[in-house]
Amino acid sequence: MHLHNTLSGRKEEFVPLNPERVTMYVCGPTVYSFAHIGNARPAVVFDVLARVLRRRYPRVDYTRNITDIDDKINAAAAKEGVEIGVITRRYTDIYHEDLDALGVQRPTFEPKVTEHLAHIISMIERLIANGSAYAAQGHVLFNVPSYAGYGELSKRDRREMIAGARVEVAPYKKDPSDFVLWKPSTDEQPGWPSPWGRGRPGWHIECSAMAEALLGDTIDIHGGGHDLVFPHHENERAQSTAAHEGATFARYWLHNGFLTMDSEKMSKSLGNVLLIREILKHAPGEAVRLALLTGHYRQPLDWNDEALADARRKLDRLYGALRDAGDVAASDAKAPDAFIAALEDDINTPAALAELFELAKALNKSTDAAERATLVAQLRDAGSVLGLLQQPPGEWFSQSTGSAGEGPSEAEIEAALAARLAAKAARNFAEADRIRDDLKARGVLVEDSKDGQRWRRA
RNA sequence: GGCUCGAUGGCAGAGUGGUGAUGCAGGGGACUGCAAAUCCCCGUACCUCGGUUCAAUUCCGGGUCGAGCCUCCA
């Protein structure tokens, strides 16, 4: 298996530190608002990676945190006049619902910052004790010059970063690039007791502490969106390495490319976000998932209606092959080697998808029962690695386009089809075609197959 | 300004130093009462200018254009 490592800038062979326990950490959401489709990309991509790893290794400990201490959460809570827990519980639940709809499996561990404060504090104490951090005016800061490797991950020179910095340097910093590990809270702000007074942790230390608590000093894979490379992951790396006396923090760094809207980054601050739940009102979750996997995970992906419609048509073809295969004998055939090889080559989902279509074509052509049974099993097994093709074909074709529910009821459709069948039997093709056109106008496509009429929603 | 990454046929999107993935759209044919679905056939695509090479879309350098980071952000 090969993975592109941001640290080295190249594709490397993946060799876990301990093949009996592969460890992976992916930065999860800060739960202060709804998740948008851009947030869904890393969740789906690393879900696929976890599935691929689990085929190969007996145990994969996948941690994806929930950041439930953050100033944006404080702001949202203050605005509503509620405790932060009200906000974080609400949006954690929504995040789970959205990802469930996209077929994203839950990670092995899903730690919350509020459950790891003791660990965060102990890690900060260790950093102070070994000279990597210092307390100043109620803050604790990580001293960046104390870590020689700073900038290696994001390939940045510290001098240039300071020169290009757009923020004012706080007076208590020893070095302009030092960043906060702990900051004081006012009486109105949420805060927790610490050796440096009542306060709250900085963003970066949270992930370092949770990774250490659940996965140990060195983890195999660390993932996240490309925008996290700097400063978040650079800082995590500095803290964790310093806290662990130089031990490697993450052996492989993976970063997914961005989702754009009309070729511009989608972000809450730009205000051009498309919420996952809005999309799900008009499209099946499986199509959204496939749309997110049509491009390679490291490439930018432009999100638009056409991309989503394209994904639906692809699923129509794939599910169509399964439907036409009808009832076949059970087979325990697994995904073909070429399919797995594509995914093990830096998660090449487009190449893997191409293999899926080859299987569908072979299935459509095959007239041999045993061969068809094998192909159906291969298609479904391969689909399961991508988190696709797991529902009965009939359900795919009869589902409405989204959670909103549209079009005529199944009873109405069945009644119309019965009338059409009678018209056809009487060779009244004009009436039969009128019924078909009428249904089409209402979003239902009728097809005549060798097994009789069948329908699907457009 | 500094750094990172891209530029493939109508669209999406892999990949490769020399036999043009895959899907959608489109054209032709088979099948069909007509369609749809399915199958068969059809596209001489690799931003630009140099260089290396017997051979470059693929490697190297310049340019142009695009995205991202340098500030919270997947």
Side-chain angles (χ1 to χ4, degrees), chain A residues 4 6 9 26-30 32 35-46 64 70-72 75 151 153-157 159-168 177 203 223-232 234 255-260 263-270 273 290-291 293-302 304 306-307 309-318 320-321 323-324 338 342 345 348-358 360-361 363-365 367 397 424 427-430 432-433 436-437 440 445-450 453-456:
Chain A
H4 181 95
T6 304
V26 173
C27 294
T30 299
Y32 69 102
H36 61 70
I37 187 66
N39 296 309
R41 172 119 99 146
V44 169
V45 163
F46 293 111
R64 188 186 63 214
D70 181 272
D71 286 355
K72 290 190 291 293
L153 180 65
S154 54
K155 292 162 182 47
R156 252 166 247 266
D157 184 277
R159 274 195 332 271
E160 288 165 357
M161 286 188 273
I162 295 163
R166 288 183 239 163
V167 273
E168 271 186 57
S177 55
W203 178 37
H226 196 252
D227 59 336
L228 295 182
V229 175
F230 189 88
H232 188 52
E234 191 73 59
H255 294 98
N256 64 274
F258 268 72
L259 209 64
T260 55
S263 300
E264 189 182 48
K265 177 181 177 178
M266 183 184 300
S267 76
K268 287 170 183 168
S269 49
L270 286 174
V273 301
L290 176 55
L293 295 174
T294 44
H296 184 86
Y297 78 95
R298 301 206 309 123
Q299 297 305 126
L301 179 70
D302 198 50
N304 51 59
E306 188 50 41
D310 215 59
R312 291 196 61 195
R313 285 191 290 258
K314 285 175 180 175
L315 285 166
D316 281 344
R317 178 164 172 82
L318 262 10
R323 175 193 59 190
D324 293 350
D345 181 18
N348 192 337
T349 52
L353 251 7
E355 294 298 328
L356 233 43
F357 287 105
E358 299 284 1
K361 174 169 293 244
L363 179 56
N364 282 331
K365 285 168 73 167
T367 53
F397 288 109
K424 278 184 62 173
R427 298 198 67 78
N428 184 352
F429 295 118
D433 290 351
R436 186 170 63 192
D437 291 344
K440 185 180 180 183
L445 303 178
V446 178
E447 300 167 1
D448 293 323
S449 76
K450 62 178 173 17
Q453 302 182 91
R454 67 186 179 207
W455 60 276
R456 62 192 169 100

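Proteins come first, then strands; the chains are lettered A, B, ... in the order of their sequence lines, and each starts at number 1.
A:Asn348 comes within 4.0 angstrom of sugar-phosphate atoms only, judged by non-hydrogen atoms across all strands, and of no base. Nucleic acid contact class of A:His296 (heavy atoms, under 4.0 Å, all strands): sugar-phosphate only.
Comparing the C1' positions of B:rG29 and B:rU19 gives an interatomic distance of 27 Å, to the nearest angstrom. Spacing of P atoms, B:rA25 relative to B:rC39, comes out at 13 Å, to the nearest Å.
With A:Phe397 as the aromatic partner, A:Arg323 meets the cation-pi criteria of under 6.0 angstrom to the ring centre and within 45 degrees of the ring axis. For A:Arg64 and A:Phe46, the positive end is not near the middle of the six-membered ring at less than 6.0 Å and at most 45° from its axis.
Between A:Pro350 and A:Gly295, the shortest heavy-atom contact is CG-C, 3.7 Å.
Listed nucleotides: B:rG13, B:rA74, B:rA37. Nearest to the side chain of A:Pro42: B:rA74. Side chain of A:Phe230, nearest nucleotide from B:rA37, B:rC34, B:rC70: B:rC70. For A:Lys365, counting side-chain heavy atoms from C-beta on, the closest listed nucleotide (B:rU22, B:rA74, B:rC39) is B:rC39. Of the listed nucleotides (B:rA35, B:rA25, B:rG2), B:rG2 has the atom at the smallest distance from the side chain of A:Arg156.
Stem analysis of RNA chain B (at least three stacked-register Watson-Crick or G-U pairs, each with both distances under 3.5 Å) gives B:1-7 with B:64-70, B:10-12 with B:22-24, B:26-30 with B:38-42, B:47-51 with B:59-63.
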